[in-house]
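To find a chain, count down the sequence lines: A is the first, B the second, and so on, and within it residues start at 1. What you see below is based on every heavy atom in this structure, not just the backbone, and it leaves out hydrogens, waters and symmetry mates.
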Amino acid sequence: MSTTTVVNPSVQSETGSPRWFTLQHKLAPYLFVAPFLLIFLTFGLWPIVKSLILAFYATNGPKSNVFVGWNNFRFLFADQSFHRAVWNTVVYAFWSVVLQLPLALGLAMLLNQSWLRGRNFLRLAFFAPNLLGQVFVGVLFSVLFVPQYGLVNRALHALIPGFALDTEWLTNPAWVMPALVLTSLWMYVGFNMIYFLAALQAVDQDQYEAAMMDGANGWQQFRAVTLPGIRPVAVFVLVTATIGSFQLFELPYIMLNNSGGPDNSGLTIVSYLYMNGFMTGDLGYASAVGWVLALGLLAVSLLQMRATGTWKEGKV
Amino acid sequence: MNLFPFGKAALSIFVLTLLAGLWLVAQPAPHKTTTLTYWTFAKPHYEAYQKALPAFEKAHPGVTVDLELVSNTALASRLQAALLANVDVPDLCEVEIGQAGSLFRGPQKDIGFSDLTDRLMQTDASHPVSLYNQMVKARFSPYTSRGRIYGLPHDVHPIQLAYRRDLFAKLGIDPNSLKTWDEFVAAGRRVTVPGERYMIQFSDSDAGLGMEACLLQRGGGYFDPQGHCIMDNETAVQAMHWYVPLVAGKHPIGKDIGGVSSQFLTQAVENGYLLCMLCPDWRCKLIEEDMPRLKGKMALMDLPAAAPGGPVTSTWGGTMLGITKHCKNQELAWELAKYFYTDPAQLEERYRTLEIIPPFKGAWNLPVFQEPHPYWQDQKIGARYIALGPQVPFQYTSPAIVTAKNKLSEAMVACIQYYNIHGETGFEPFIRARLGRSANEVRALLNRDPY
């Protein structure tokens, strides 16, 4: 930055317009920021403000809006389908995070071992599912989960005696959520593993040596050295994985054939928002759903940061 | 360079941005020659229309039609967004029956489609019978809102049963003896072996694959002509009470595998896992293409009646063609709509491609419908469907149709879960309460509408 603030006297004398130069100098930062600001205000902030306004209207296109006050929110809190969507999303988020993070950390620790042969290949292999789009994964798993002929049932039937070939992963309400959680595990464990891997490599090796000299066993080293060392990353992964889980949309949308699934067992908050906004055309109600989701996410994230002590320490 | 003291990198970015902007500005706007834009979601329709368009364009010099194939899922949201924002709206658009109702939200003046009622009712010296009266009236019901018609029906879609003729013979089932559902279910109980063979493809999770057709056959539905929710009336309760034991409990005879069309369904039918399927006319072609090895082994039979003498068909699926208000040349769009939907040459050609009978009764005497079909044991499938056309039930709609369909599936799954645990004990009161709950949720949604 210092090079940009040095005024070259020769420039002033050559152009003969020191005022223009000063003006240009003052305006330049704003001009550089302006494109981003313009785009952000138009496509970021304005839609957010507009959605807040819409949440208080019954809408049928830009021409016919009727102000309904808090009615959309009142209806929302009494709406059984919304309750179901919230419950499903919370259950999905819980199981995704509870299973995903320990698995990702475990994998990262394993693939961080120097003795492991082919670990670069394994890192790529575990991360690879994340390179595929959710739509592709959704299509793939909806085929794998087909009863009678699907690969999952065939494999489980061969491995577990008594496992029914007819098991309906995507049409039986009891199996829909496990199917979604398993699919997302396959997709995201490798992604979170990369974060943990980077964090593990940043932990000071001297601390392990010191711990070993103090006689700490593997578990003690993990608790006293590894966990504190990766905590900022772990909190980041926890918060982003939770937010990502709450925003679940594409997988159930594809796997459950553009519906909430049997008995709405795969209906998520964002699916419900989409159905109302873009299939029923009720943008006002969809906006209300969106705002409740946003506020819910904010609350959950704050709770998580408080629970992990990050908020207090101001580390994030 | 001294005039730009912020470094070469910043200057490069600035110059590139400037050049890109200038390039964009300098691009000439594409010269649009299209007169009409037509969206369809069905690839077979798209291919058939593509063949038919040159003749229309030749008959209307200077007119060009831009035909676009849009996936059904994308079409619903794209059209919804286009109509809401009044941007990139097609002139004509085909909409799937299950989504049509949601496009009729709000005050009638703000519905995105043109009101076709007057055009359909119009008569003159050369056309003494209105187009409305030349078509199957029931097919207008899903595209009617508050007494006005917004869509021209593409099809009738009566349902028959497609069955494995060879396996029926082997198992000693005479299809001619299955006149009522009771007779059909009795035969089904005899031949169904859980996990190995099921009498019929009926879904236990999606009301759209079985339950809905049975409900319509019994005269029920989601809404009455005024748009009031009726999915908890006595007909619905009895239909649910009849349907659930077919897919749940100790002796189910129905199973869904592979949905409407998939390699898994093909495998299931070829392996004899499923013996029968509900078969509206649109499904014939799918079956022929998906299961070529079953040529000559499949046949069609009337749907068993709910009660002796009752209708022997129902309906499943459908498409409407709407002309959007955005269309600047409404007359020309109407001409195109009539050309595609009522021109006998078009309908004959399209039947050969799609095997879908038209709702335009004036075309029903075309010889093509009398042709025997080798795949179906030389049955005259066109004639069979046409004979059922007048019996097709009405199905009224509402802007809450998507929710209503979803709620019926929810109620069905809840009833199945109840039946699996408690059987017949307290089943009917449970159905009544559960359907009532679903219907009330739909009513609450409708009552929210301030228009």
### Query
What pair of heavy atoms forms the shortest contact from B/Y198 to A/D166, and how long is it?
OH-OD2, 3.7 Å
#### Entry: Region of B/A268 that comes under 4.5 Å of a non-hydrogen atom in chain A
both
### Max heavy-atom pair count under 4.5 Å with chain A, selected residue of B/R437, B/M412, B/E441
B/E441
## Note on the structure
Under 4.5 Å to a heavy atom of chain A? For B/N271 that would be side chain
### Task
Determine the sole option in A/N71, A/V68, A/N72 for which the side-chain contact (heavy atoms from CB on, under 4.5 Å) test with B/R448 is passed.
A/N72
### Message
Which heavy atom of A/G150 sits nearest to which heavy atom of B/F264, and what is that distance?
### Response
N-CE2, 4.5 Å
### Task
Output the option from B/Q99, B/R78, B/Q267, B/Q263 having the highest count of non-hydrogen pairs under 4.5 Å with chain A.
B/Q267
### Task
If the plane angle is over 60° it's perpendicular, under 30° parallel, otherwise tilted; pick one for B/Y273 and A/Y149.
perpendicular
### Task
Select, from B/D204, B/D256, B/V402, B/T17, the one with the greatest count of heavy-atom pairs under 4.5 Å involving chain A.
B/D204
### Toward chain B: residues of residues 137-148 of chain A with heavy atoms under 4.5 Å
A/V143, A/V146, A/P147, A/Q148
### Side chain proximity check, A/M275 to B/T403, heavy atoms < 4.5 angstrom
no
### Query
Would you call B/Q417 and A/P173 a side-chain contact if the rule is heavy atoms closer than 4.5 Å?
yes
### Query
Under 3.5 Å, is there a donor-acceptor pair between the B/K407 and A/S81 side chains?
yes
### Task
Would you mind telling me which of B/L445, B/I111, B/L79, B/I416 has the largest number of heavy-atom pairs within less than 4.5 Å of chain A?
B/L445
### Query
Taking only residues two or more places apart in sequence or in another chain, which ones pass side chain to side chain contact (heavy atoms under 4.5 Å, CB included) with A/T171?
A/E168, B/S205
### Query
Within the distance-only criterion (no hydrogens, no angle test), does the side chain of B/R105 pair as donor or acceptor with the backbone N or O of A/T59 below 3.5 angstrom?
yes
### Task
Tell me, for A/D282 versus chain B, whether the close heavy atoms (under 4.5 Å) come from the side chain, the backbone, both or neither.
both
